[in-house]
Amino acid sequence: MRQIFLPIILLRLSLIVLLLVNNDLSSLLPGLLPAIKSATLDPIHSWDHFAEACFWNRHRGFHDIYESGTRVTVPPLLLLLGKPLCDMPPGYDSFLSAIRSFLVLVADVIGAYCMYRLCTAVVESEEYGEEGQMERRTLRNDDDYDDDDGKGDAWVVPGVLRAERGWIFGLPTKVVARVNVDASDGPSIPQEEADAAGPSFDDNNKQSTGNASNDGDDTETTADDPGEKTNGHKLNPQQTTTNPHKPSPPHPPPILSPHQLPLLTSVLYLLNPITILTASQSLRSLWDMLLLLSLSYATSPPSIVMDETNPRGHPTGAKCAFCLALASYVDIAYGVFLIPVLLWRGLHRDDGRRLLRRRQCDWKRVGMLFFVYYVALHGMAFGWMGWDGRRYREVLVKTVMPNVAFVEVDESGSFAGPSMGLHWYFFVQMFDRFRPYFTTFVSGLPAVFVVPLTIRLYKYPSVLTAVFQLLWAIFRPTATIHTLTLGLIFILLNPRTIVRMRDPSLIAFFALPVPMILFVTFHRMWLVTGNGNPNYIFFQCFAYGLFVAVITLDVVSATVKRDKVRRMVVKGQTKKSEALLKEVDGERKEEALDEARKPEVSTEIKSTPSETANEPEPVVVFL
């Protein structure tokens with residue numbers, strides 16, 4: 001891991017030096033840099049906004065920076081901790097920019113390491129869980145391996161219930177039944193009938209695995225004459241005799257192994273181009289680091305055993321709660337990730353998982369510590385503000401509300417500019433008297449999905465983490481691409497969900513760069529050159545939200561299918577479902593055979609035009 005991370009860190013350092021040398025990027029193309037910032041940078045979590053708060057702190061004092069007209073949304077404790085940066089002389093702008101970029105780089109390195117640990121814990125948990133056992137038994141059954149555990153086929157996933165793209169990660173792959181229809185020479189028999197008939201041919205039609213003959217029947221099929229018929233059906237040379245649990249045709253070798261995902265996710269997080277582009281401007285990487293620290297501690301065991309008699313304590317519960325409380329103090333939206341944290345800490349415990357038996361079920365303690373830390377942080381800020389309840393209530397409105405609702409920046413009616421979300425456009429089009437209703441309704445909409453998703457996907461905390469992040473990438477008041485990239489990396493923690501996702505999500509993923517690029521283009525056309533209008537940007541934001549919604553829905557749908565298969569296999573209901581699927585498959589085969597015979601029937605009908613020549617012509621009656 002060090003051999004891979006060290007060149008990446010050196011590359012990031014070289015990019016920082018390059019950007020510091022060429023710091024005047026606005027001269028390349030006027031108006032392009034503000035457009036890129038609008039798409040990638042959250043204005044209330046940026047270094048520029050922090051510098052603005054420092055300016056008001058120097059001129060008005062700490063207790064008066066939250067008054068009307070300042071537009072400051074930085075929490076008091078954050079401003080207090082960053083006071084050394086505020087007191088630097090104005091002539092050290094380059095040095096200050098270098099410090100900011102270095103802090104973001106350190107945060108990204110820590111976040112990448114936490115992502116590695118998180119993905120490793122998730123992969124190991126699923127490997128020792130029910131799904132891992134089912135996959136191992138299925139692969140052994142495909143290889144005609146004698147199972148010694150006594151469960152036999154009860155834990156084998158039938159071919160029709162497997163994922164079609166399981167071969168990508170080396171997982172059991174769905175068996176696709178093929179029906180070859182030849183309208184000219186008659187229908188070919190299905191695979192099952194070909195296996196019962198006896199002969200089989202390889203994919204290249206070079207040799208036969210054996211000659212078969214039926215007792216009492218003089219038909220025989222060999223590789224030299226694949227056109228002969230058996231039992232009144234024509235054998236297709238491409239049909240092969242295989243184990244019904246094995247994929248047909250054989251799939252290519254796996255692209256990735258689930259054990260390679262931790263390294264892949266950490267490298268992708270560290271090489272995120274959006275983070276590199278906004279390294280000297282965004283504070284969001286610092287808060288994401290706190291989130292990843294919390295998730296990493298949530299999936300860690302309670303102690304590190306040095307030997308059999310002397311274990312060394314490792315209080316992960318308190319660290320997990322404290323990191324999440326810090327992130328939630330800065331942005332209250334991070335509080336939704338308390339749900340997957342509690343699920344990992346034992347709110348739902350599966351006794352069949354070996355990894356969870358090593359973990360302490362302390363979800364009540366973690367939840368209590370989170371609320372204690374969160375209230376303590378606000379209590380410290382309340383005391384620093386002079387124990388004035390009215391003033392601190394105004395501070396909460398200015399520091400908390402912009403993170404969950406699209407509100408006016410100050411009493412003048414100004415608000416944040418365009419972003420990748422749709423809030424800014426609707427806020428502009430809304431009448432003033434309807435804006436409170438709009439703010440309440442739209443800001444409360446993401447909370448509607450939390451409880452149903454938790455009830456349905458409580459067995460998969462890693463999926464809940466990815467879905468919550470993707471939903472927030474759509475409904476965040478100032479949606480940015482940075483939020484989306486973290487959600488896409490979270491999806492990689494769930495390879496068994498990815499293999500069940502459909503083609504629309506793949507199309508949506510590759511279509512996402514289109515609205516991103518057009519957003520930057522139309523932003524400059526509207527606010528710089530003046531030959532555009534906000535409707536241009538609106539449609540790109542709408543397309544962006546639509547594509548992200550398609551990916552999010554597909555993740556939820558694939559996880560529900562995955563959970564359904566798991567429950568069916570565990571309860572032993574796969575044989576009944578497999579029989580029903582075979583009946584449906586048989587009906588489809590009959591329909592395919594009927595479709596193959598239709599051209600012959602239609603030609604016979606068309607060949608007798610004399611029968612229709614004597615039919616009377618229709619009479620048209622006008623009323």
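When a residue number appears, it is its place in the shown sequence, counting from 1.
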Are Arg345 and Thr316 close enough that a side-chain donor and a side-chain acceptor fall under 3.5 Å? yes
Full working for side chain to side chain contact (heavy atoms under 4.5 Å, CB included) between Arg100 and Leu283: CA-CA 9 Å; Arg100 295 171 180 175; Leu283 288 169; over 6 Å; no
Looking at Arg567 and Asp563, is there a salt bridge between them, counting it only when a charged N and a carboxylate O are closer than 4.0 Å? yes
Would the distance check show the side chain of Ser125 and the main-chain N or O of Ala121 forming a donor-acceptor pair, the cut-off being under 3.5 Å? no
Main-chain N/O of Trp167 paired with Thr173 side-chain donor or acceptor, under 3.5 Å: yes
Could you tell me if Asp48 and Ser46 have a donor-acceptor pair between their side chains, going purely by distance under 3.5 Å? no
To the nearest 0.5 Å, what is the distance between SG (Cys119) and NE2 (His259)? 10.5 Å
Okay, side chain of Ser266, backbone of Pro262: is any donor-acceptor separation there less than 3.5 Å? yes
Tell me if the CZ atom of Phe509 is crowded by more than 12 foreign heavy atoms within 6.0 Å. no
Does atom CZ of Phe102 have more than 12 heavy-atom neighbours from other groups under 6.0 Å away? no
Look up atom CZ in Arg476 and atom NE2 in His482, then write down how far apart they are to the nearest 0.5 Å. 10.0 Å
Indicate the atoms forming the closest heavy-atom contact of Gly367 with Leu342, along with that distance. N-CD2, 3.8 Å
Aromatic plane relationship, Phe538 with Phe426 - under 30° parallel, 30 to 60° tilted, over 60° perpendicular: perpendicular
According to ring pair (Phe, Tyr, Trp, His ring centres under 6.0 Å), who are the partners of Tyr269, at least two apart in sequence or on a separate chain? none
For the student: nearest non-hydrogen atoms of Phe406 and Pro477, plus distance: CD1-O, 3.4 Å
Can any side-chain N or O of Arg524 pair as donor or acceptor with the backbone N or O of Thr529 at less than 3.5 Å? no
May I ask you to check whether Asp42 and Thr478 show a side-chain donor-acceptor distance below 3.5 Å? yes
Rounded to the nearest 0.5 Å, what separates atom CG in Leu518 from atom CZ in Phe539? 13.0 Å
Check for a donor-acceptor pair, side chain of Ser14 on one end and backbone N or O of Leu11 on the other, with a separation under 3.5 Å. yes
Check against side chain to side chain contact (heavy atoms under 4.5 Å, CB included), Ser294 and Cys320: CA-CA 4 Å; Ser294 177; Cys320 169; 3.5 Å; yes
Can you tell me how far apart CG (Asn272) and CG (Leu486) are? Round to the nearest 0.5 Å. 8.5 Å
Going by atom types only, do Arg117 and Ser300 share a side-chain donor-acceptor pair under 3.5 Å? yes
For the pair Arg502 (side chain) and Ala558 (backbone), establish whether a donor and an acceptor sit closer than 3.5 Å, ignoring hydrogens and angles. no
Over all heavy atoms of both residues, which pair between Ile551 and Ala508 is shortest? Give the atoms and the distance, please. CG1-CB, 4.0 Å
N/O donor-acceptor pair under 3.5 Å between Ser282 side chain and Thr278 backbone: no
State whether the side chain of Thr275 and the backbone N or O of Leu271 hold a donor-acceptor pair below 3.5 Å, judged by distance alone. no
Looking only at non-hydrogen atoms, find the nearest pair between Met115 and Leu493 and report the distance. SD-CD2, 4.3 Å
Could you tell me the separation between the CG atom of Leu291 and the SG atom of Cys323, rounded to the nearest 0.5 Å? 10.0 Å
Rounded at 0.5 Å granularity, tell me how far CG in Leu326 sits from CG in Asp331. 13.0 Å
Below 4.0 angstrom, N of the basic side chain to O of the carboxylate: do Asp554 and Arg500 qualify? no
May I ask you to decide if the ring planes of His523 and Phe519 are parallel, tilted or perpendicular, using 30° and 60° as cut-offs? tilted
Verdict with supporting geometry, Tyr113 and Ser296, side chain to side chain contact (heavy atoms under 4.5 Å, CB included): CA-CA 9 Å; Tyr113 177 70; Ser296 176; over 6 Å; no
Look at the aromatic rings of Phe50 and Trp47 and report parallel, tilted or perpendicular, splitting at 30° and 60°. perpendicular
Ionic contact status for Glu130 with Lys459, cut-off 4.0 Å: no
Less than 4.0 Å between a side-chain N and a carboxylate O, is that true for Arg136 and Glu127? yes
In terms of heavy-atom contacts, does CZ of Phe322 have more than 12 from other residues, nucleotides or ligands at under 6.0 Å? no
What closest approach, in Å, do Leu286 and Leu103 show between heavy atoms, and which atom pair accounts for it? CD2-O, 4.0 Å
For the residue pair Glu131 and Arg562, what are the closest heavy atoms and their distance? OE2-NE, 2.7 Å
Is the backbone N or O of Thr483 less than 3.5 Å from a side-chain atom of Trp472, with the two atoms forming a donor-acceptor pair by type? no
Do side-chain atoms of Ser557 reach the backbone of Leu553 as a donor and acceptor pair under 3.5 angstrom? no
Begin with the C-alpha distance, continue with both residues' side-chain angles, and end with the deciding distance and a verdict on side chain to side chain contact (heavy atoms under 4.5 Å, CB included) for Leu488 and Ile491. CA-CA 5 Å; Leu488 294 177; Ile491 294 179; 4.1 Å; yes
On the six-membered ring of Phe169, is Arg496 placed so that its NZ or CZ lies under 6.0 angstrom from the centre and within 45° of the ring axis? no
For Asp288 and Tyr334, which I'm curious about, is there any donor-acceptor pair between the side chains at under 3.5 Å? yes
Val442 vs His423 side-chain heavy atoms within contact, under 4.5 Å: yes
For Phe337 and Phe490, take the angle between the two ring planes, folded into 0 to 90°, and tell me which bin it lands in: parallel under 30, tilted 30 to 60, perpendicular over 60. tilted
Taking the side chain as every heavy atom from C-beta outward, state whether Tyr425 and Asn535 have any atom pair closer than 4.5 Å. yes
Taking side chain as C-beta onward, heavy atoms only, is Cys541 less than 4.5 Å from Trp424? yes
